[in-house]
Amino acid sequence: MDTGILILRLLVGLLVAGHGVQKVSSHLGGKGLQGGTEEFRADGFRGGALTALAAGGGQIGSGLLLAAGLLTPLAATGAIGVMTVALTVKWRHGLWVQNDGYEYPLVLIGTAAALAATGPGAWSLDAVLDLTPYPLWWAALALVAGLGSGLLTRLVLHRSPAPADAER
């Protein structure tokens, strides 16, 4: 079981972190901070470079913590939060990724929540530091706080459509 959790943590954590790297740099196929800023503006978000830095930093931090199995409930909360924002952007396209839908963010949200529920496994920094096992209520808290922070971010930073746009 620990091997499976390790593989899952590394895969999901490094993908989330890599997604953040793309938002703030030209590494891993990213378009740099300017590209990240333009992406957020095109998706209707305020804040420009600060928004891209916060999102990228949140993805990098939560992804690396998740991969390392360090402070797993906090890492899961961060990953759930940033992926909830991504889900809200893709929501209008429906579920499937072929149509630019929210399938991928939903899988990452579910996986982060599952890792919060199972814990990081024996091969993790949480285990080395004797922080495990986390009580199961931490998983519920991670899910609620992650979803809540992602939805609040969307509410605060997303511009309302102009009246002419709303009529279309």
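Only this structure's heavy atoms are used, side chains among them; waters, hydrogens and symmetry mates stay out.
- Defined by atom type and a distance below 3.5 Å, a donor-acceptor pair is present between the side-chain atoms of Asp126 and Thr72.
- Using a distance-only test at 3.5 Å, with no hydrogens or angles considered, a donor-acceptor pair links the side chain of Arg9 to the main chain of Pro120.
- In terms of modelled atom types and a separation under 3.5 Å, the side chain of Arg154 and the main chain of Ala86 share no donor-acceptor contact.
- For Gln22 (side chain) and Leu28 (main-chain N/O), a donor-acceptor pair under 3.5 Å exists by modelled atom type.
- Side-chain contact check for Val24 versus Ile60: some heavy-atom pair is nearer than 4.5 Å.
- Under the 4.5 Å side-chain heavy-atom criterion for grouping Ile, Leu, Val, Met, Phe, Trp and Tyr, Leu106 is connected to Met83 within one hydrophobic cluster.
- Listed by chain and residue number, nothing satisfies the side-chain hydrogen bond (donor to acceptor under 3.5 Å, both in side chains) test with Tyr104 (two or more places apart in sequence, or in another chain).
- Hydrophobic clustering keeps Leu87 apart from Val89 (ILVMFWY residues linked when any side-chain heavy atoms are closer than 4.5 Å, directly or through intermediates).
- Expressed to the nearest 0.5 Å, how far OG1 of Thr3 lies from CG of Leu8 amounts to 12.5 Å.
- A donor-acceptor contact shorter than 3.5 Å links the side chain of Thr51 to the backbone of Arg46.
- Under the 4.5 Å side-chain contact rule for hydrophobic residues, Leu65 and Leu10 do not share a cluster.
- For the pair Thr132 (side chain) and Tyr134 (backbone), a donor-acceptor distance under 3.5 Å is absent.
- The ring pair (Phe, Tyr, Trp, His ring centres under 6.0 Å) contacts involving residues 34-63 comprise Phe40-Phe45, Phe45-His158, where partners must be two or more places apart or lie in separate chains.
- Considering CG of Leu131 and CG of Leu125, their distance stands at 9.0 Å, rounded to 0.5 Å.
- Side-chain contact between Asp2 and Leu6: absent, with no pair of heavy atoms (C-beta onward) separated by less than 4.5 Å.
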